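Structure, as structure tokens:
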Amino acid sequence: MVRKSSGGLAQVLGALAIEMQNQTDTEATLQSIVDGAVAIVPGARWAGISLIDAHAVEARVPSHPLVAKLDSLQSELNEGPCLSALREHRTIVINDMANETRWPTYCRAAADLGARALLSFQLFVLQQNLGALNLYGERSGAFSEESILTGELLAQHASVALIGAAAEAQFNDALSTRDIIGQAKGIIMERFDIDAVGAFRLLCRLSQETNLKLVEVARKLVASRGASD
């Protein structure tokens with residue numbers, strides 16, 4: 001884990017960016033972002049990420065059960081600082097939850113649970129909105145100008161890392177799809193003594209007739225071959 005004491009801010013963020021980009025999947029990348037936020041942002045006691053999933057907000061990798069409770073509360077109320085950061089493309093700062101008037105129901109509950117200050121940064125790349133990085137402090141006024149600057153820089157690095165993780169996942173899915181279709185074509189070629197073009201056309205016809213995606217037809221065919229074997 002990268003710690004702030006290991007060097008200046010630029011050095012620490014650079015090391016954290018490398019760590020995030022070296023993760024093997026999106027979940028590991030999210031965990032690196034949260035761990036890094038708690039480690040290097042002054043005043044941050046807890047952290048979590050809210051992601052947009054099919055127009056719903058999903059709480060991910062909370063550093064503490066308190067964060068999960070606060071994210072769930074915002075989803076239930078359909079309002080709160082993290083949702084505003086997501087929807088309005090801006091950074092949200094709350095110095096004192098107990099006296100915050102913009103989201104009174106949520107903020108009173110957060111203060112009662114022990115979260116007295118908040119920073120929420122939208123995660124995005126160009127026009128693609130990814131989610132929000134949410135940091136919580138256990139005392140009023142926990143976050144300084146340095147906290148906001150560090151958090152914004154971290155959010156920018158995190159956004160790039162998330163895009164990279166998503167692209168890698170899509171690439172791996174594409175490879176898996178290509179492999180399963182290739183296996184299905186091989187089975188058809190052997191069974192019906194036809195060439196690769198004819199096998200692919202047959203797969204496409206089966207896809208149309210069964211109203212299933214081509215890859216689903218291929219998976220069923222490969223699975224049935226395994227069962228018969």
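Keep in mind the model is a prediction, meaning the values are calculated, not measured.
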Query raised in the report: Quick one: NZ on Lys220 to CG on Leu212, what's the gap to the nearest 0.5 Å?
Result: 6.0 Å

Query - For Ala117 against Gly141, the heavy-atom pair lying closest together - result: CB-N, 4.4 Å

**Report entry** From Ser50 atom OG to Leu133 atom CG, the distance as rounded to the nearest 0.5 Å
**Finding:** 9.0 Å

Query raised in the report: Does Val61 share a hydrophobic cluster with Leu154, counting links as ILVMFWY side-chain heavy atoms below 4.5 Å and allowing steps through other members?
Result: yes

Requested in this report: Give the minimum heavy-atom separation between Tyr136 and Gln74, together with the two atoms involved.
Outcome: OH-NE2, 4.2 Å

Query raised in the report: Among all residues two or more places apart in sequence or in another chain, which pass the salt bridge (charged side-chain N to carboxylate O under 4.0 Å, His left out) test with Arg60?
Result: Glu27, Glu58

**Report entry** Closest heavy-atom pair and its distance - Val217, Thr210
**Finding:** CG2-OG1, 3.8 Å

**Report entry** Donor-acceptor contact below 3.5 Å, side chain Ser120 vs main chain Asn134
**Finding:** no

Query raised in the report: So which heavy atom on Ala155 is nearest to which on Gln122, and how close?
Result: CB-O, 4.3 Å

Query raised in the report: Under 4.5 Å between side-chain heavy atoms, hopping through other hydrophobics if needed: is there a path connecting Val222 to Met189?
Result: no

Report task. Consider only side-chain heavy atoms of I, L, V, M, F, W and Y, link residues closer than 4.5 Å, and tell whether Leu135 and Leu113 are in one cluster. Result -> no

Query raised in the report: Of all heavy-atom pairs between Lys185 and Ala199, which one has the smallest distance, and what is that distance?
Result: O-CB, 3.7 Å

Requested in this report: Would you kindly confirm whether Leu30 and Leu119 end up in one hydrophobic cluster when ILVMFWY residues are joined by side chain heavy atoms under 4.5 Å apart?
Outcome: yes

Report task. Working to the nearest 0.5 Å, report the span between CG of Asp35 and CD1 of Ile33. Result -> 10.0 Å

**Report entry** Partner of Leu118 under side-chain contact (heavy atoms from CB on, under 4.5 Å), chosen from Asp96, Ile92, Val93
**Finding:** Ile92

**Report entry** Side-chain (Ser84) to main-chain (Gly80) donor-acceptor, under 3.5 angstrom
**Finding:** yes

Requested in this report: Enter the distance from Cys107:SG to Arg116:CZ here, rounded to the nearest 0.5 Å.
Outcome: 11.0 Å

Query raised in the report: Are there more than 12 heavy atoms of other residues, nucleotides or ligands under 6.0 Å from atom CG of Asp112?
Result: yes

Query raised in the report: Which distance, rounded to the nearest 0.5 Å, do you find between the CG of Asn99 and the CD1 of Ile94?
Result: 11.5 Å

Report task. Please check if atom CZ in Arg205 has more than 12 non-hydrogen atoms from other residues, nucleotides or ligands closer than 6.0 Å. Result -> no

Query raised in the report: For the atom pair CG (Leu123) and CZ (Phe121), what is the distance rounded to the nearest 0.5 Å?
Result: 10.0 Å

Query raised in the report: Do Asn95 and Ser140 come close enough that some side-chain heavy atom pair is under 4.5 Å?
Result: no

Query raised in the report: Looking at Val41 and Ser147, what are the two nearest heavy atoms and their distance?
Result: CG1-O, 3.7 Å

Query raised in the report: Charged N to carboxylate O under 4.0 angstrom, Glu216 versus Lys213?
Result: no

Query raised in the report: Any side-chain heavy-atom pair from Glu100 and Tyr106 closer than 4.5 angstrom?
Result: no

**Report entry** Exceeds 12 heavy-atom contacts within 6.0 angstrom, atom CG of Asn211
**Finding:** no

Under 3.5 Å, sequence neighbours excluded: what are the donor-acceptor pairs made by side chains of residues 62-73?
from  : atom 1 : to    : atom 2 : distance (Å)
Ser63 : OG     : Ala47 : N      : 2.9
Ser63 : OG     : Ala47 : O      : 3.2
His64 : ND1    : Leu66 : N      : 3.0
Ser72 : OG     : Ala68 : O      : 2.9

